[in-house]
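Letters A, B, ... mirror the listed sequences (proteins, then strands); counts begin at 1. These values consider heavy atoms only, across backbone and side chains, with no hydrogens, waters or symmetry-generated copies. Quick caveat: nothing in here was measured; it's all calculated off a predicted structure.
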Number of protein chains: 2
Amino acid sequence: MPFGSYIRDLRECRHSDDRSYSLRQVAQRVGIEPAYLSKIEREVASPPSEATIRRIADDLGENPDLLLAMAGKVSKDLQEIIIRRAPLFADLLRNLREAPDHAVLRIVREVRDGDW
Amino acid sequence: MPFGSYIRDLRECRHSDDRSYSLRQVAQRVGIEPAYLSKIEREVASPPSEATIRRIADDLGENPDLLLAMAGKVSKDLQEIIIRRAPLFADLLRNLREAPDHAVLRIVREVRDGDW
DNA sequence: AGTACTGTGTAGTACACAGTACATAATAAC
DNA sequence: GTTATTATGTACTGTGTACTACACAGTACT
């Protein structure tokens, strides 16, 4: 699903039982013009900047990494992590490309409880 | 070390025993204007596009992921890998942020020989 | 002294990104 | 049934990216 329709659905879902989730009010809280948010939702405009996506995610209560991904973006903080040790992490990621979710999850847990 | 000075040093090193590594000739092989490469090397211009960095890496025999990192960029193919499973990989990377190199390397090997 | 190479200065192009501003049309509330 | 609110259409702006084109200047050979 594209970014625009996704956040529109999400917002309309919130709107259905909370009147403060109109396009205008969300736009105001997020700090952009309603016309611009309208265009984003209808995919007339491409997804906004990372900062704006984060504020939208915050307002709609959605995972920011997921929204960024739907917008075709990778969070700046993740990019930083990779850039610091580029060849190493490049290698890791390319090796994990085809790994099934559960294998990656196992590694996440292993690392989190890791005693190196 | 910044991107510009790094590739200048690298090129001049090659140049010292191979005359075909002049700024002009490298620029021609890479497919950009010499004046532009000059500006990149002196950091008058910011680093070029990913595609151009790849061609430079290729010509100078350097690791493309390393050059991209020095330019503050993350390779598009790596971004793709993350984007496909954003929340999962975001979690993994943030957990690996502080992990020492050898721990990451161990995981790389583990995954490469992995039987899931 | 001429030519052949080396790098650099200046100027400008084309296009994408991230929006604003205002007018108008549709819908809901009272 | 008018007022208030909602969503859209159109037009425009400023900033960054990724370059090109061409003229100029220094050095090296011969």
Review point. Which pair of non-hydrogen atoms, one from B:Ile83 and one from A:Ala69, has the smallest distance, and what is that distance?
Key: CG2-O, 3.5 Å
Review point. How close do B:Ala57 and B:Pro64 get, heavy atom to heavy atom, and via which atoms?
Key: CB-CA, 3.8 Å
Quick test: give all pairs of protein nitrogen or oxygen and nucleotides 13-21 of chain D nitrogen or oxygen below 3.5 Å, distance rounded to 0.1 Å.
| unit_1 | atom_1 | unit_2 | atom_2 | d |
| --- | --- | --- | --- | --- |
| D:dC19 | OP2 | B:Ser49 | N | 3.1 |
| D:dC19 | OP2 | B:Ser49 | OG | 2.5 |
| D:dC19 | OP2 | B:Thr52 | OG1 | 3.0 |
| D:dC19 | O5' | B:Tyr36 | OH | 3.4 |
| D:dT20 | OP2 | B:Glu33 | N | 3.1 |
| D:dT20 | O4 | B:Lys39 | NZ | 3.4 |

Point to revise | Basic-acidic side-chain contact under 4.0 Å: B:Glu110, B:Arg106 | key: yes
Exercise for review: Using the test side chain to side chain contact (heavy atoms under 4.5 Å, CB included), find all partners of B:Asp59 that sit at least two apart in sequence or belong to another chain.
Suggested key: B:Tyr21, B:Val26, B:Arg29, B:Val30
Point to revise | With sequence neighbours excluded, residues passing side-chain hydrogen bond (donor to acceptor under 3.5 Å, both in side chains) with A:Ser46 | key: none
Please produce a list of atom pairs where a protein N or O lies less than 3.5 Å from an N or O of nucleotides 25-30 of chain D.
none

Practice item. Please tell me if the side chains of B:Leu78 and B:Asp65 come closer than 4.5 Å, counting only heavy atoms from C-beta onward. Key: yes
Review point. Taking all non-hydrogen atoms of both residues, which atom of A:Leu93 and which atom of B:Ile81 are closest, and how far apart?
Key: O-CD1, 3.7 Å
Review point. Is it true that A:Arg14 and A:Asp9 make a salt bridge, defined as a side-chain N closer than 4.0 Å to a carboxylate O?
Key: no
Review point. Linking Ile, Leu, Val, Met, Phe, Trp and Tyr by side-chain heavy atoms under 4.5 Å, what else ends up with A:Val44?
Key: none
Exercise for review: Give a yes or no on this: more than 12 heavy atoms of other residues, nucleotides or ligands lie within 6.0 Å of atom CD of A:Gln28.
Suggested key: no
**Study point:** salt bridge (charged side-chain N to carboxylate O under 4.0 Å, His left out) against A:Arg8, all qualifying residues, sequence neighbours excluded
**Key:** A:Glu41
Exercise for review: Establish, with yes or no, whether the OP1 or OP2 oxygen of D:dT6 is under 4.0 angstrom from a side-chain nitrogen or oxygen of A:Ser22.
Suggested key: yes
Exercise for review: Taking side chain to side chain contact (heavy atoms under 4.5 Å, CB included) as the test, write out the residues that go with A:Pro48, two or more places apart.
Suggested key: A:Phe3, A:Tyr36, A:Ile40, A:Thr52, A:Ile53, A:Ile56
Check your understanding: Can you name the salt bridge (charged side-chain N to carboxylate O under 4.0 Å, His left out) partners of A:Asp101, sequence neighbours left out?
Key -> B:Arg85
**Study point:** Contacts of type salt bridge (charged side-chain N to carboxylate O under 4.0 Å, His left out), residue B:Arg54, not counting sequence neighbours
**Key:** B:Glu50, B:Asp77
**Study point:** Interface with DNA chain D, restricted to residues 56-71 of chain B and to heavy atoms under 4.0 Å
**Key:** none
Check your understanding: Applying the 4.5 Å side-chain criterion to the ILVMFWY set and letting contacts propagate, would A:Leu67 and A:Leu23 be lumped into a single cluster?
Key -> yes
Check your understanding: Want to know the stems of DNA chain D: at least 3 consecutive Watson-Crick or G-U pairs with distances under 3.5 Å, which are they?
Key -> C:1-30 with D:1-30
Exercise for review: Can you sort out which residues in residues 1-17 of chain B have a heavy atom within less than 4.0 Å of DNA chain C? Ascending by number, please.
Suggested key: B:Arg8, B:Arg11
Check your understanding: Can a side chain N or O of B:Gln25 be found less than 4.0 Å away from OP1 or OP2 on C:dC5?
Key -> no
